[in-house]
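Inspection log for the structure reproduced underneath, given as structure tokens.
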Amino acid sequence: MRELHRWANPTTWPTAPIPTARTETARMTSPRPVRTRFAPSPTGYMHIGGMRTAFFCWLWARHTGGTFILRIDDTDQERNVSEALQPIFRAFRWLGLDWDEGAEKGGPYAPYYQSQRSDIYRAAIKKLLIEGQAFKDFDPPEVVQQDRAEAEAAKRNYVNIRRSLELTPEKFAELEAAGTPFVVRLLVPRDQSVTIHDAVRGEVTWDCGTMPDPVLMRSNGSFLYNFASVVDDAAMEITHIIRAEEHLTNTCVQTLLFRALGSEPPVFAHIPFITAPGSTKKLSKRDLDKLRNTPALKKLFDRADEVFPKLGLGDSKSLSPVMVEYYEKMGYLPVGILNALARLGWSLDDKTEIMDLETIVKHFTLDRIVKSSAGFDGDKLQSLQAHWMNVLPLPEKIAGVKPYLEQVGWPADDTHLAKILPGIADRLKVFSDILDYAEFFVSDDALAFDAKALEKIRTQPQAREIVASLKKLLTEAPDVEAATIDPLVHQWAESQGLKMGQVVAPLRLGVTGRSVGIGLFDAIALIGKDSCLHRLTRLEQTL
RNA sequence: GGCCCGUUCUUCUAGCGGUUCAGGAAGCCGGCCCCUCAAGCCGGUAACGCGGGUUCAAAUCCCGCACGGGUCACCA
């Protein structure tokens with residue numbers, strides 16, 4: 001107990017650098033170089049909405065030639081911070097969003113973990129206490145709760161009662177001497193109001209008369225986010241705080257804190273939420289069940305349930321579209337994700353949709369951020385992704401697809417893939433889509449015939465005879481290049497008075513095991529004569 | 001409930017008083033192409049929350065209302 005409260009007397013506190021106020025002249029002579037930060041707490045995963053916020057911070061820094069900082073808000077040190085941080089770093093690295101200062105990198109304002117900055121917060125508390133801008137509140141939590149309950153019952157807005165400020169100096173000294181627990185609260189100037197000029201929302205004003213004095217330091221000596229965050233932003237010379245709209249209300253307190261600390265508040269930019277399309281609720285990991293049923297997201301969930309089990313990665317519950325990792329594991333391209341994220345609440349002009357990173361960086365400005373919330377549309381994402389996958393050079397496609405093939409035990413060499421991938425062409429939207437093309441990778445006997453397609457062929461008249469004739473045709477063909485087989489099959493169909501559909505369907509099923517896929521004659525050429533014949537024989541036997 | 005924010009097609013958005021009976025993209029529908037699927041091309045679909053002002057003129061400015069959201073912790 002005693003140890004816990006050794007901070008009771010400010011004069012015994014260690015000194016640490018106190019955030020310094022920038023001088024008026026320095027500010028006026030030249031605009032400060034932009035410094036933005038993203039400050040995640042170690043949650044064990046990276047939320048797609050958080051990623052978009054981080055992206056905007058990064059973009060603003062890159063657009064202005066400024067500095068982007070990754071700071072860790074780990075004031076609750078319960079969990080294993082290092083482990084819970086890995087997915088976050090991983091997401092940044094995967095997307096290619098680098099940071100100039102911060103966790104795992106260091107920099108002139110180190111440390112960048114809040115858990116390591118207690119001395120700095122302590123010094124700031126001391127300063128505020130000495131200056132009378134903050135005060136010790138000895139009211140125990142029960143009393144505060146009681147006050148709050150009473151205010152609520154009376155339908156009054158709750159404002160804390162400053163009993164500790166009414167104490168006589170003697171009583172105050174007595175409480176201190178006895179080591180009575182206390183919290184430190186900011187003394188809110190209740191006769192003032194706070195106005196900010198938000199870069200996105202414009203002028204926003206709050207009346208300080210109706211707000212409680214926020215707690216800065218808990219009775220156990222730890223600090224609150226709102227306080228630590230401002231101390232850090234001031235100390236790290238952050239010029240632009242770009243963050244989600246949910247923090248807008250915090251901004252009043254934080255502005256007051258910047259002022260109290262003698263620091264010029266940075267420019268705030270509160271960006272809109274990402275929601276589920278058709279809803280106005282924040283996209284949250286908590287209501288996955290609702291999300292999976294929203295039309296614009298359903299496909300993403302369904303695909304996860306199809307693909308992730310094959311890869312031994314669980315399903316859409318363990319790896320859902322609200323997590324950045326979903327996209328990485330599914331085989332999306334960073335440029336596709338970034339393009340989609342950029343278009344969520346920001347636009348370049350009235351028509352540009354396809355943008356690479358360089359274009360986005362070049363044009364990104366805060367004033368073009370939209371004010372209203374943005375629904376995360378899986379279809380739109382998919383279409384952007386499809387574009388970028390389509391323009392990806394072949395060697396990169398090969399490299400992207402290989403890990404998936406290895407994972408399911410269908411290894412293929414580059415030469416083989418260099419033939420197959422151009423055939424699959426734009427049907428490959430994400431790398432894991434390669435898993436849909438078993439026909440090019442599995443052995444003839446391992447190839448499964450699609451049940452539905454098989455049923456359909458069975459009901460088709462003369463299916464067996466057609467397959468038998470096609471086998472003969474293939475056997476006698478000089479080669480199985482598309483340019484050879486295509487006309488041969490056409491001629492034969494014509495000679496038999498058959499429509500191409502009647503001929504192609506069984507042939508496709510036999511050769512690829514499915515009723516859909518790439519151009520049939522290209523498929524035949526890729527699979528090769530022997531395999532095609534072998535597979536057709538198998539089909540004959542099953543018919 | 002107090003305070004704060006938001007509201008243009010199903011979705012993402014353009015629009016900052018006239019050049020817009022509102023433009024682009026995704027979706028959806030139809031057509032072309034075609035051995036299927038995908039892509040591509042062509043065409044179609046569909047919006048300024050409501051009510052008052054201001055103005056010669058309003059999606060655009062002002063005021064109400066409604067609806068949605070956020071936030072009100074010794075959480076982050």
Side-chain angles (χ1 to χ4, degrees), chain A residues 39-43 73-76 114 137 139-141 144-145 148 151-152 155-159 181-185 198 200-202 204-207 210-212 214-220 222-226 228-229 244-252 270 272-273 275 277-282 294-296 340 343-354 368 370-384 386 390 424-429 433 436 453 486 489-490 493 499-505 507-509 512 514-521 523:
Chain A
S41 49
T43 51
D73 276 9
D74 57 346
T75 46
D76 54 340
Q114 289 196 326
D137 185 351
D139 284 355
V144 175
Q145 269 164 31
R148 201 189 311 275
E152 206 167 303
K155 300 204 162 159
R156 236 178 31 238
N157 193 231
Y158 167 73
V159 179
F182 63 90
V183 296
V184 174
R185 311 183 92 112
D198 191 279
V200 174
R201 326 203 88 82
V204 184
T205 301
W206 295 270
D207 178 7
T210 58
M211 58 191 282
V215 172
L216 272 22
M217 189 181 91
R218 298 185 188 91
S219 53
N220 70 2
S222 66
F223 305 93
L224 278 97
Y225 160 80
N226 243 349
S229 168
E245 193 188 343
E246 63 191 289
H247 290 283
L248 184 55
T249 314
N250 281 339
T251 308
C252 179
H270 287 94
F273 287 120
T275 66
S279 138
T280 38
K281 300 237 166 56
K282 236 189 327 179
T294 76
R343 286 291 294 106
L344 236 43
W346 180 81
S347 66
L348 195 163
D349 56 25
D350 59 341
K351 49 178 72 73
T352 310
E353 296 284 339
I354 305 283
R368 286 200 65 85
V370 167
K371 292 182 180 66
S372 50
S373 61
F376 182 66
D377 184 348
D379 289 329
K380 186 92 169 193
L381 166 68
Q382 194 67 7
S383 115
L384 258 9
N390 198 219
I424 294 173
D426 51 28
R427 292 172 188 82
L428 189 88
K429 313 289 189 205
D433 284 347
D436 290 339
D486 192 335
V489 173
H490 265 94
K499 282 192 192 156
M500 272 305 276
Q502 288 173 277
V503 177
V504 160
L507 183 55
R508 178 182 289 284
L509 178 65
T512 71
R514 304 189 293 152
S515 58
V516 297
I518 74 167
L520 178 56
F521 302 109

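Every chain is numbered from 1, with letters handed out A, B, ... down the list of sequences.
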May I ask you to verify if any side-chain N or O of [X] is less than 4.0 angstrom from the OP1 or OP2 atom of [N]?
X         : N      : result
Arg343(A) : G24(B) : no
Arg185(A) : C74(B) : yes
His247(A) : G70(B) : no
Lys282(A) : G69(B) : no
Arg148(A) : A73(B) : yes
Thr75(A)  : A76(B) : yes
Arg368(A) : C16(B) : no
Thr249(A) : C72(B) : no

Between [options], which nucleotide has the shortest distance from any of its atoms to the side chain of [X]?
X         : options                : answer
Asn250(A) : C37(B), A76(B), A26(B) : A76(B)
Lys429(A) : U13(B), G24(B), A38(B) : A38(B)
Ser372(A) : C12(B), U8(B), U71(B)  : U8(B)
Asp377(A) : C35(B), C4(B), U11(B)  : U11(B)
Glu353(A) : C35(B), G24(B), C72(B) : G24(B)
Met500(A) : C37(B), C35(B), G24(B) : C35(B)
Asn157(A) : C12(B), G1(B), U11(B)  : G1(B)
Arg201(A) : A39(B), C74(B), C5(B)  : C5(B)
Leu248(A) : A76(B), C35(B), C5(B)  : C5(B)

Watson-Crick or G-U wobble partner for [N], using a 3.5 Å limit on both distances?
N      : result
C32(B) : G40(B)
U71(B) : G2(B)
A14(B) : none
A59(B) : none
C50(B) : G64(B)
U19(B) : none

*asked:* Heavy atoms only, 4.0 Å cut-off, all strands: where does Tyr158(A) land among base, sugar-phosphate and nothing?
replied: nothing
*asked:* Applying a 4.0 Å non-hydrogen cut-off, can you work out what Asp139(A) is touching in the nucleic acid: base, sugar-phosphate, or nothing?
replied: base
Between [N] and [M], how far apart are the two [atom1] atoms, rounded to whole Å?
N      : M      : atom1 : answer
C48(B) : C3(B)  : C1'   : 29 Å
U8(B)  : A59(B) : P     : 15 Å
C16(B) : C72(B) : C1'   : 34 Å
A57(B) : G40(B) : C1'   : 44 Å
C50(B) : U11(B) : P     : 15 Å
A26(B) : G70(B) : C1'   : 28 Å
U19(B) : C9(B)  : C1'   : 23 Å
G51(B) : C12(B) : C1'   : 29 Å

*Hey, does the side-chain of Lys380(A) have a donor or acceptor N/O within less than 3.5 Å of a partner on the base of A25(B)?*
yes
*Please evaluate the base of C35(B) for a donor-acceptor partner in the side chain of Arg508(A) within a cut-off of under 3.5 Å?*
yes
_Within 6.0 Å of CD in Glu152(A), more than 12 heavy atoms from elsewhere_ = no
*Give a yes-or-no answer on whether the side chains of Arg508(A) and Ser515(A) include a donor-acceptor pair shorter than 3.5 Å.*
no
